[in-house]
Amino acid sequence: MSMEKTYQPAAIEKDWYQHWEEQGYFAPSGKGEPYCIMIPPPNVTGSLHMGHGFQESIMDALIRYHRMQGCNTLWQVGTDHAGIATQMVVERLLAADDVSRHDLGREKFVEKVWEWKEHSGGTITRQLRRLGASPDWSRERFTMDEGFYKAVQEVFVQLYDDGLIYRGKRLVNWDPKLHTAISDLEVISEEKQGHLWHFRYPLTDGSGHLTVATTRPETMLGDTAVAVHPDDERYKHLIGQTITLPLCDREIPVIGDDYVDKDFGTGCVKITPAHDFNDYEMGQRHALPMINIFNQDAQINDNAPEAYRGMDRFDARKKIVEDLDALGLLEKIQDHTLKVPYGDRSGVVIEPWLTNQWYVKTGPLAEEAIKAVEEGEVEFVPRQYENMYFSWMRDIQDWCISRQLWWGHRIPAWYDESGKVYVARSEDEARKKYQLNDKVKLTQDEDVLDTWFSSGLWTFGTLGWPENTDFLKTFHPTSVLVTGFDIIFFWVARMIMLTLHFKKEIPFKTVYVHGLVRDSHGQKMSKSKGNVLDPIDLIDGIDLESLVEKRTTGMMQPHLKQKIEKMTRKEFPEGIAPYGTDALRYTYYSLASTGRDINFDVGRIEGFRNFCNKLWNASAYVLMNTEGMDPAEENYTLSLADRWIISRLQEAEKAVAEGFRTYRLDLASQALYDFIWKDYCDWYLELTKPMLKPGNVDEATQNGTRRTLVRVLETTLRLAHPLMPFITEEIWQKVKARAGAEGETIMLASYPQADENKIDAQAIADVEWLKSVTIGVRNIRGEMNISLGKNIPLYFNNASDNDKRCIEENRQFLLKLAALESITVLAPGEEAPLSAPAYVGDLEILVPMAGLIDKDAELARLQKEASKLQTEVKRLQGKLSNAKFVDNAPAEVVAKEKDKLKDYEQTLEKLSEQQSKIAAL
RNA sequence: AGGACCAUAGCUCAGUUGGUUAGAGCGCUACCUUGACAUGGUAGAGGUCGGCGGUUCAAAUCCGCCUGGUCCUACCA
């Protein structure tokens with residue numbers, strides 16, 4: 001069974017994936033404890049980015065881990081219909097043919113969207129396969145699925161009947177480009193440089209004027225009051241009087257309200273209840289009229305004076321400032337920094353606008369949702385994210401759930417001709433429910449629901465609710481939700497609220513919150529920064545020209561093109577090498593610690609590609625040395641090395657399990673990496689070499705070595721499989737027979753569990769001894785530039801009984817690992833040749849200098865060692881001469897420090913003896 | 001304005017309940033194509049753990065303040 005000289009991921013990944021999928025290995029086994037993860041449904045228009053890659057890799061590791069542990073594992077995938085995003089994509093396509101959705105009409109347009117979805121939607125779920133993800137594809141769901149729509153309707157109707165959904169005319173965040181309301185969370189406020197305009201508003205009685213300051217002059221057309229603080233000595237006598245609003249010639253009152261900050265601006269605020277959230281509330285308090293001055297495009301409407309009608313809001317602003325200036329009413333213009341709200345999809349300034357919308361009354365739902373987390377029913381990992389959750393939940397606003405879009409779940413509400421609303425699952429049901437006869441004409445609400453409304457039902461809606469299906473009974477509540485903190489409010493909070501209300505149970509037991517993937521300098525990856533990495537490119541590799549091309553086409557700001565090109569060429573002069581899926585996944589795991597930012601450094605993936613190659617080549621060695629072996633051979637004895645690697649394996653298994661238990665995949669992956677590279681490859685494989693050399697040891701010991709070699713490898717592969725699925729499967733298939741393992745696939749093989757009884761403390765201690773001695777010799781060789789090709793004689797002096805035993809038992813190992821020509825143990829009093837020394841406790845390891853070592857170089861080496869120790873000795877002496885330390889610290893700690901000091905002092909003494917001996921030459 | 005998180009080697013990151021000569025990978029230096037692996041091996045250099053104070057016998061670790069960074073939430077028109 002020969003293997004390629006280097007690991008070639010591209011050669012095996014697709015085949016294995018296809019095989020697994022065809023064999024149905026991803027589906028729940030139907031046996032064992034249920035374990036379920038629901039994918040946070042990515043946007044159907046999306047494609048796989050680094051953040052997805054990271055998240056899916058984590059979920060897949062958790063799923064594979066539990067599947068191998070015998071759980072009945074369901075990982076359910078799907079996408080959400082992303083109302084606004086998807087509608088925009090399709091509209092843009094239509095626009096290319098100069099067609100608008102209004103040309104097509106609603107029904108035709110929605111058909112087009114479905115067509116698009118069939119052909120182009122779900123790119124991301126296809127890309128998921130490249131990551132080796134193992135969800136049950138047969139249960140892939142979409143938020144617009146028929147069954148899911150049923151759940152959405154059911155929830156809407158029930159919430160309405162429970163009094164938790166209502167319709168109301170209120171100010172909403174209106175997107176004048178997309179012509180829809182959006183929720184608070186979809187509004188991004190950005191700090192901008194603007195102005196504060198000071199206008200004089202004349203008092204109606206002609207006795208003077210008030211000066212108001214505003215950042216939005218155009219809204220003055222809708223002013224219905226001017227507010228001052230009731231205690232403001234400057235103005236309080238004016239409360240109750242009126243001013244005549246310039247340009248509109250309307251009389252509006254001066255009111256007192258302690259919302260006004262006396263010290264900001266002029267202390268007088270113009271109040272526009274129809275176009276500002278704070279003014280709206282003040283309007284409610286003072287029963288002010290609301291004058292809406294904008295149409296849906298945020299152009300001035302017919303409620304405003306004729307001169308401004310039809311103008312865009314920003315043009316109107318300019319015009320109004322000019323006109324007021326002409327009237328001598330512009331007092332001054334100040335520079336002013338303010339937060340401007342933008343729509344996160346459209347990028348245009350959001351307008352508070354008065355419309356009829358549907359709302360969820362979140363108060364009662366939030367109360368339960370807070371309780372679930374407080375009482376530990378739902379647990380956040382890391383815990384600190386609970387604060388974020390609580391702070392939002394305790395200050396939650398009612399949730400505007402209607403959207404003026406065509407793509408989405410249509411609101412199950414009907415109106416009669418007088419505008420009275422009837423909520424039911426269908427028009428028929430509405431008639432029955434509200435006892436309406438056929439003469440009443442009903443029309444369905446035109447609006448659709450916020451995508452997150454349906455996403456909120458994801459855990460139970462996708463399992464068949466409202467029907468009580470077997471899957472629902474088995475897998476709900478789900479085990480863990482894996483998500484980014486950016487989505488705690490959007491989604492996690494809403495899922496908890498809705499699921500508690502409808503299922504009377506939590507949606508998931510644990511929320512594992514991971515960080516956000518950024519570039520290696522902590523910058524957010526974005527097209528406009530040109531620092532985007534595509535996970536697929538890291539897997540398959542990409543040449544420089546294609547990468548530059550990819551990063552610089554379709555840019556919103558073409559002027560950045562040159563900069564991005566330069567940066568890309570500098571960072572990736574050779575393009576990106578193909579690293580393979582397992583290396584990418586391993587990189588993700590190594591970064592999955594508790595931090596909030598994940599800085600992805602391409603330098604690290606290369607290291608893990610090398611790691612894959614290391615495992616690959618170690619396996620080649622194992623295969624080469626176990627050819628033709630009988631896995632059932634019973635004539636074997638385990639050597640020290642065998643017992644040691646088996647012990648270390650148990651410890652690695654423990655560490656990996658702990659990493660999974662605490663969601664510290666960085667620690668799990670590190671433990672595994674160290675075990676494979678440092679323990680298994682660097683030491684154990686080297687130790688097997690002298691054992692397998694003919695004539696060195698008896699047959700039973702050789703059998704033991706072969707057995708251990710292949711069995712530890714086989715176990716390690718299973719241990720590593722959740723993290724690196726492809727390479728482990730490929731190798732496992734080659735070694736399983738020799739290791740006496742059975743099964744069709746490593747995916748379904750059992751997961752290794754640490755066995756304390758297999759931890760052999762003596763073996764660990766002995767190998768530690770062996771390593772120390774070897775490293776001592778190697779240090780001398782390395783520092784003295786003695787080639788490893790040259791075998792050297794070695795002397796031991798001052799050996800204890802234990803040292804002598806170790807020397808004897810490890811003679812073969814020592815000869816090989818330290819490349820020795822001979823080993824001599826000096827008897828007490830016996831004179832050693834002049835040597836370069838290393839010390840392991842009391843044991844002196846001596847490399848004779850004759851013909852090998854230069855006097856000055858050796859003196860320098862000894863001096864370096866000595867000064868290191870001197871620093872330590874000084875530190876320890878100081879510590880131990882401090883009575884407070886000796887009196888107060890635990891006796892063990894003091895004893896430990898004393899031992900260390902003694903040890904260092906002795907070594908130091910020997911070093912200086914040695915120095916003077918050599919110096920005397 | 002309030003809050004969270006972060007600051008450890010040139011770079012990207014670990015560091016459990018306070019006690020390690022503070023670790024890893026990459027990069028760097030020297031040597032090495034040794035029969036698994038040069039995507040490798042061996043050895044080495046490199047850190048007043050952001051700053052200042054405090055608690056303690058003992059602080060990278062706990063507390064306070066400051067500086068720098070990232071990000072939430074709420075905003076003064």
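Quick caveat: nothing in here was measured; it's all calculated off a predicted structure. Every chain is numbered from 1 and lettered A, B, ... according to where its sequence line falls, protein lines coming before strand lines.
The gap from the P atom of U61(B) to that of G54(B) amounts to 14 Å, rounded to the nearest Å. Atom name P, nucleotides G23(B) and C49(B): the rounded distance is 14 Å, in whole Å. Using P as the reference atom, U20(B) and A58(B) are 14 Å apart when rounded to the nearest Å. Comparing A38(B) with U33(B), their C1' atoms sit 8 Å apart, to the nearest whole Å. Taking the C1' atom of each, A59(B) and C52(B) are spaced 15 Å apart, rounded to whole Å. Between the C1' atoms of U12(B) and G51(B), the separation comes to 24 Å (whole Å). Separation of the C1' atoms belonging to U55(B) and A30(B) is 47 Å when rounded to the nearest angstrom. The gap from the C1' atom of U29(B) to that of A36(B) amounts to 27 Å, rounded to the nearest Å.
The separation between Arg518(A) atom CZ and U70(B) atom C1' is 6 Å, rounded to whole Å. When rounded to the nearest whole Å, the span between NZ of Lys790(A) and C1' of A43(B) equals 19 Å. In this entry the distance linking CD1 of Ile487(A) with C1' of C71(B) reads 16 Å, nearest Å. Atoms NZ (Lys771(A)) and P (G41(B)) sit 15 Å apart, rounded to a whole Å. In this structure, NZ of Lys879(A) is placed 10 Å from C1' of U20(B), rounded to the nearest angstrom. In this entry the distance linking OH of Tyr389(A) with P of U73(B) reads 16 Å, nearest Å. Here the P atom of nucleotide U21(B) and the NZ atom of Lys902(A) are 17 Å apart, to the nearest Å. Distance CG (Asp899(A)) to P (G19(B)): 19 Å, rounded to an integer number of Å.
Nearest to the side-chain atoms of Lys864(A) among the listed nucleotides A14(B), G44(B), A77(B) stands G44(B).
Among residues two or more places apart in sequence or in another chain, the side-chain contact (heavy atoms from CB on, under 4.5 Å) test is passed with Ile188(A) by Asp344(A). Under the side-chain contact (heavy atoms from CB on, under 4.5 Å) criterion, Ala857(A) pairs with Met784(A), Asp854(A), sequence neighbours left out. In this structure Thr362(A) satisfies the side-chain contact (heavy atoms from CB on, under 4.5 Å) test together with Val360(A), Ile396(A), Asp398(A), Trp399(A), Met497(A), sequence neighbours excluded. Gln812(A) meets the side chain to side chain donor-acceptor pair (under 3.5 Å) test with Asn696(A); sequence neighbours excluded. Lys689(A) pairs by the side chain to side chain donor-acceptor pair (under 3.5 Å) definition with Glu686(A), not counting sequence neighbours. For Asn173(A), the side chain to side chain donor-acceptor pair (under 3.5 Å) test picks out Asp184(A), with sequence neighbours left out. In this structure, Glu574(A) has no side-chain contact (heavy atoms from CB on, under 4.5 Å) partners at least two apart in sequence or on a different chain. Legend: residues meeting side chain to side chain donor-acceptor pair (under 3.5 Å) with Asp335(A), ordered by chain and number and at least two apart, are His195(A).
In this pair, Phe611(A) and Trp677(A) present their aromatic rings parallel. The plane angle is below 30°, not in the 30 to 60° band.
The side chain of His198(A) contributes no N or O atom lying less than 4.0 Å from OP1 or OP2 of A77(B).
The side-chain heavy atoms of Asp258(A) and Pro230(A), taken from C-beta on, include a pair separated by under 4.5 Å.
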Give each protein N/O atom lying under 3.5 Å from an N/O atom of nucleotides 54-57 of chain B, with the pair distance.
residue, atom, partner, partner atom, Å
C57(B), O4', Lys884(A), O, 3.2
C57(B), O4', Asn888(A), ND2, 3.3

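For the pair Arg394(A) and Phe390(A), the cation-pi test (distance below 6.0 Å, angle within 45°) is passed.
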Taking only distance into account, with no hydrogens and no angle test, what donor-acceptor pairs under 3.5 Å do side-chain atoms of residues 891-903 of chain A form with protein atoms, sequence neighbours excluded?
residue, atom, partner, partner atom, Å
Glu897(A), OE1, Lys879(A), NZ, 3.3
Glu897(A), OE2, Lys900(A), NZ, 3.0

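In terms of position on RNA chain B, the residue among Asp263(A) and Tyr904(A) whose nearest nucleotide sits closer to the 5' end is Tyr904(A). Projected onto RNA chain B by closest heavy-atom contact, Asn599(A) and Ala213(A) fall at different nucleotides, the more 5' of which corresponds to Asn599(A).
Taking the six-membered ring for Trp and the full ring otherwise, Tyr385(A) and Phe380(A) have centroids separated by 6.0 Å or more.
Leu667(A) comes within contact range of the sugar-phosphate backbone alone, with a heavy-atom separation under 4.0 Å but no base atom that close. When heavy atoms are screened at a 4.0 angstrom cut-off, Ser391(A) is found touching no nucleic acid atom at all. Counting non-hydrogen atoms under 4.0 angstrom, Arg394(A) reaches nothing in the nucleic acid.
With pairs defined as Watson-Crick or G-U wobble and both atom distances under 3.5 Å, the stems of at least three pairs that touch RNA chain B come out as B:1-7 with B:67-73, B:10-13 with B:23-26, B:28-32 with B:40-44, B:50-54 with B:62-66.
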Note to self: So if I define the base as every atom that isn't primed, P, OP1 or OP2, how would nucleotides 22-38 of chain B read as a B/S/- string at a heavy-atom cutoff under 4.0 Å?
What the structure shows: --SS----SS--B-BB-

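A donor-acceptor contact under 3.5 angstrom links the side-chain atoms of Arg609(A) to the base of U39(B).
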